[in-house]
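See structure below.
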Amino acid sequence: MRWSKAFIPTLRDDPTDAEAVSHKLLVRAAFIRQLMAGVYTLLPLAYRSRRKIRRIIEEEMDAIGGQEFLFPSLHPAEIWRKSGRLEIMGDEMFRLFDRKSGEVVLGMTHEEIFTTIATELTSYKQLPQIWYQIHSKFRDEPRPKSGLLRVREFTMKDSYTFDIDQEGLDRAFDAHYAAYKRIFERIGLDAIPVEASSGAMGGSGSVEFMVGSSAGEDLVAHCPNCDYAANVERADTRVPAAVDEQGLEHPEKFATPGVRTIDDLASFDGGAAGDRQIKTLVYVLDGETALVLLRGDHALQEQKLQDETGAIEFRPAHPEEIKALLGADAGSLGAVDVSDVTIIADTALRGRTNMTTGANENDFHLRGVNVERDIQVGSWASLREVKAGEPCIACGEPIDVFGAIECGHIFKLGTKYSESLGAMVLDQNGKSRPIYMGSYGIGLERNLAAVVETHHDEKGIAWPVAVAPYEVVVTVLKLDEETLGAADGVYEQLQSAGIETIIDDRKERPGVKFNDAELIGVPYRITIGPRGLADGVVEVNTRGTGDTETMSLADVVAAVVERVEAAR
RNA sequence: CGGGCUGUAGCGCAGCUUGGUAGCGCACCUGCUUUGGGAGCAGGGGGUCGCCAGUUCAAAUCUGGCCAGCCCGACCA
């Protein structure tokens, strides 16, 4: 490609509405333009990089026996109703009506649609199958943000596996796990697999592939010692065993005027430290009110509560609801002697005695509470959000917690969809059985953005060769016959060697060309100018390291070809 | 959905308080000079001032409504 003919509208300034580094750089470096909230146009440079990511994914999927499909984006709402997910997806699903007033939705994932075709599988002899597609997904996110990291229309590689039993599903899952590791490695992402919540997908096993970045929206708990890693939506740590005094025979009410928070009570004369308090939260789960109990200094991880209860509609109770239920306002709540309400308690409260909690009367608390004696706990579960520095659940060493981008997610679905949509096969005994399914996703544009988040400097993007829009830029410093002729020669040779090359033949000053090349992040730059040419030499600059070396014009093509091929 | 903010040329912004023919920088076009890290001079092109209504002799500016976008939170495969 000749830069003078290419559409590469780089910008000198950061767009004001961008926060994330990848967002700023992808806009400035002429990869993307926003069309509306959460919807972006991919300009030619981004399209080229995305095509390479796509190719890598296809190669690795094909390598584990995947067969590529193309399913529609328009789905009849009926299929989603049948699986029960029309309700579950709620407003996140784009819905429209066709001219016959038929209800239609835009696909946000494709379990239902793949399963519909999978009903044509009839015998265990046809299994296992690995099916995939690389296609648009639509999700009406309440709040799109951070450029390509969280959008409403995007491309996903989604694959689905079909097996006769759990063992087959385990094998399919493991094959994907291995393929995903190879994919992210080839893309240039240091993605770590973490235990995750299955959320609205249902199913059992769930692993997310996470790339550490402050722009990421997830938090990962990771143990540097034993490599335990989990999304905080699921992570656990060890809680040091508490040594409580036996305390009182009965809880004792005492006045706490003005005390409304855990901290208030901790500093109140006659109060209790945070780890000696019981925090009482009120939630409404599918219309049912429930009390959620945690240690005073622990925070609720809402996803854990949702996973534990299976609730679809889920929110903290409103102040009026709390008052009506317990007779006091938030800040004075407790679960002692409360009956007829579901009470879920965090396991860190198990066996604790002589605790302090609200008395369900404003300005009063109870001390001497023995959790299991005084509170009718309905169920125990891990509900708290872990914090950095807590002892690893596996080995006891302090864990890290860091922000991360979810670049891939793999699930074991089991028979949820095959049962609801009737994907059955006959086994060896002629008995009809639901197919065991798995579901596996990778967001292409999000991966593109994740590469930028992890491969940039103050000058711009520094693409890994494998996903760079061009592998080499030939920067022509002067457009006279001799210089341009030499540069064209190098360009032609690189092209014939199969190297993706762009020649910067624009009538611009050298500084502009250098800056643009560094901004868009081409891994290798060959600089050709009259000064070097007089000595028969050119310069080769490596974007990732910033190193510049001088080479003879005669040798440069072979040397660069070798490097590019080694780095692909 | 709650809170905060913003819509004026391709990009970044001023003008709005106090109504009176729409400006600046970059980018773009022409010419000359320049040419190894975002050049200089001269000339030039480009705007339904987010949309609709209202007030007024007159609205980018005042009033009302609507729309869009961003940030924080809620939410979220």
Side-chain angles (χ1 to χ4, degrees), chain A residues 7 9-20 23-24 27-28 30 33-40 85 88-93 107-111 137-147 149-152 154 156-158 196-203 206-210 216-218 231 233-234 302-303 306-307 312-316 318 405-411 413 439-443 446 459-460 475-480 483 504 506-519 525 527-534 537-539 541 546 548 550:
Chain A
F7 184 65
T10 56
L11 303 176
R12 191 173 290 209
D13 303 312
D14 280 335
T16 39
D17 54 2
E19 292 283 317
H23 187 188
K24 289 180 184 171
V27 172
R28 271 190 65 205
R33 288 293 185 264
Q34 183 174 23
L35 185 61
M36 59 175 174
V39 179
Y40 286 84
R85 289 211 294 180
I88 294 174
M89 294 310 187
D91 291 336
E92 206 179 327
M93 183 159 239
M108 50 194 293
T109 175
H110 277 74
E111 280 77 14
K137 296 283 185 280
F138 299 87
R139 295 181 186 183
D140 196 359
E141 292 279 351
R143 189 175 160 205
K145 59 181 289 197
S146 305
L149 286 175
R150 169 126 150 198
V151 293
R152 299 197 295 169
F154 61 101
M156 174 183 270
K157 185 288 298 178
D158 48 324
S197 157
S198 306
M201 299 294 300
S206 173
V207 171
E208 290 168 335
F209 289 82
M210 293 291 204
E217 301 188 274
D218 288 274
N231 193 309
E233 292 177 352
R234 197 188 155 86
E302 288 197 344
Q303 187 67 47
Q306 192 159 16
D307 288 348
I312 294 167
E313 277 191 58
F314 179 93
R315 63 174 173 84
H318 301 141
I405 300 166
E406 181 191 341
C407 284
H409 199 163
I410 59 179
F411 300 90
L413 297 176
S439 163
Y440 319 83
I442 295 178
R446 180 180 281 187
K459 291 173 174 174
T475 301
V476 192
L477 294 184
K478 191 170 183 185
L479 299 182
D480 61 15
T483 313
D504 194 349
R506 290 177 299 168
K507 196 176 167 185
E508 289 288 353
R509 299 170 66 82
V512 172
K513 297 187 179 188
F514 293 148
N515 282 321
D516 272 347
E518 282 154 357
L519 177 61
R525 183 180 83 217
T527 309
I528 301 182
R531 200 179 290 174
L533 233 36
V537 298
V538 299
E539 275 173 15
N541 176 272
T548 299
T550 304

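All values below come from the heavy atoms of this structure, side chains included, with hydrogens, waters and symmetry mates left out.
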Do the side chain of [X] and the base of [N] come within less than 3.5 angstrom through a donor-acceptor pair of N or O atoms?
X	N	result
A/E508	B/G38	no
A/R150	B/C76	yes
A/E539	B/G36	yes
A/R12	B/A27	no
A/D17	B/G69	no

Pairwise [atom1] distance, [M] and [N] [rounded to whole Å]:
N	M	atom1	answer
B/C72	B/G12	C1'	24 Å
B/U48	B/G36	C1'	46 Å
B/C11	B/G38	C1'	15 Å
B/U8	B/A14	P	11 Å
B/C1	B/C13	C1'	33 Å
B/G10	B/G47	C1'	12 Å
B/C62	B/G15	C1'	16 Å

Using atom [atom1] of [X] as one end and atom [atom2] of [N] as the other, report the distance to the nearest whole Å.
X	N	atom1	atom2	value
A/I88	B/C75	CD1	P	18 Å
A/R143	B/C70	CZ	P	9 Å
A/R446	B/C76	CZ	C1'	10 Å
A/D480	B/U35	CG	P	13 Å
A/M93	B/A77	CE	C1'	12 Å
A/K507	B/U33	NZ	C1'	11 Å
A/F411	B/A77	CZ	P	9 Å
A/L35	B/G10	CG	P	16 Å

(message) Just so I know, are the side chains of A/M156 and A/H110 near enough to count as touching, which here means a heavy-atom distance under 4.5 Å?
(response)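 Side chain of A/M156 against side chain of A/H110, heavy atoms only: no contact under 4.5 Å found.
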(message) Do A/H23 and A/L149 make a side-chain contact, defined as non-hydrogen atoms from C-beta onward lying under 4.5 Å apart?
(response)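 They are not in contact (no side-chain heavy atoms under 4.5 Å apart), so the answer is no.
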(message) For A/P15 and A/K478, find the nucleotide of RNA chain B closest to each by heavy atoms; which residue's nucleotide sits nearer the 5' end?
(response)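 Whichever sits nearer the 5' end wins; that is A/P15.
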Kindly point out which of [options] is positioned nearest to the side chain of [X]?
X	options	value
A/T109	B/G69, B/C75, B/A77	B/A77
A/R531	B/C11, B/C13, B/G36	B/G36
A/R28	B/A74, B/C28, B/G38	B/G38

(request) List the atom of A/V27, the atom of A/R33, and the distance in Å for their closest heavy-atom pair. (result)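 Here A/V27 and A/R33 meet closest at O-NH1, 2.8 Å.
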(message) How close do A/R234 and A/A196 get, counting heavy atoms only, and between which atoms?
(response)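 Minimum heavy-atom contact is CD-O, 3.3 Å.
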(request) Give a yes or no on whether a salt bridge exists between A/D516 and A/R506, defined as a side-chain N under 4.0 angstrom from a carboxylate O. (result)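 Result for this pair is yes, salt bridge flagged.
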(message) For A/K145, is there an ion pair with A/E19 - N to carboxylate O distance below 4.0 angstrom?
(response)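 A salt bridge is absent here (no side-chain N lies under 4.0 Å from a carboxylate O).
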Think [X] has a side-chain N or O under 4.0 angstrom from the OP1 or OP2 of [N]?
X	N	value
A/K145	B/C72	yes
A/S197	B/A77	no
A/R509	B/U35	no
A/Q34	B/C70	yes

Remember a base hit wins even if backbone is also touched, and classify [X] as base, sugar-phosphate or nothing at under 4.0 Å, heavy atoms.
X	answer
A/R139	base
A/M36	sugar-phosphate
A/G529	base
A/E518	base
A/R506	nothing
A/E302	sugar-phosphate

(request) First locate atom CD of A/E208, then atom CD of A/E406, and finally report the distance between them rounded to the nearest 0.5 Å. (result)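 Reported value, rounded in 0.5 Å steps: 4.0 Å.
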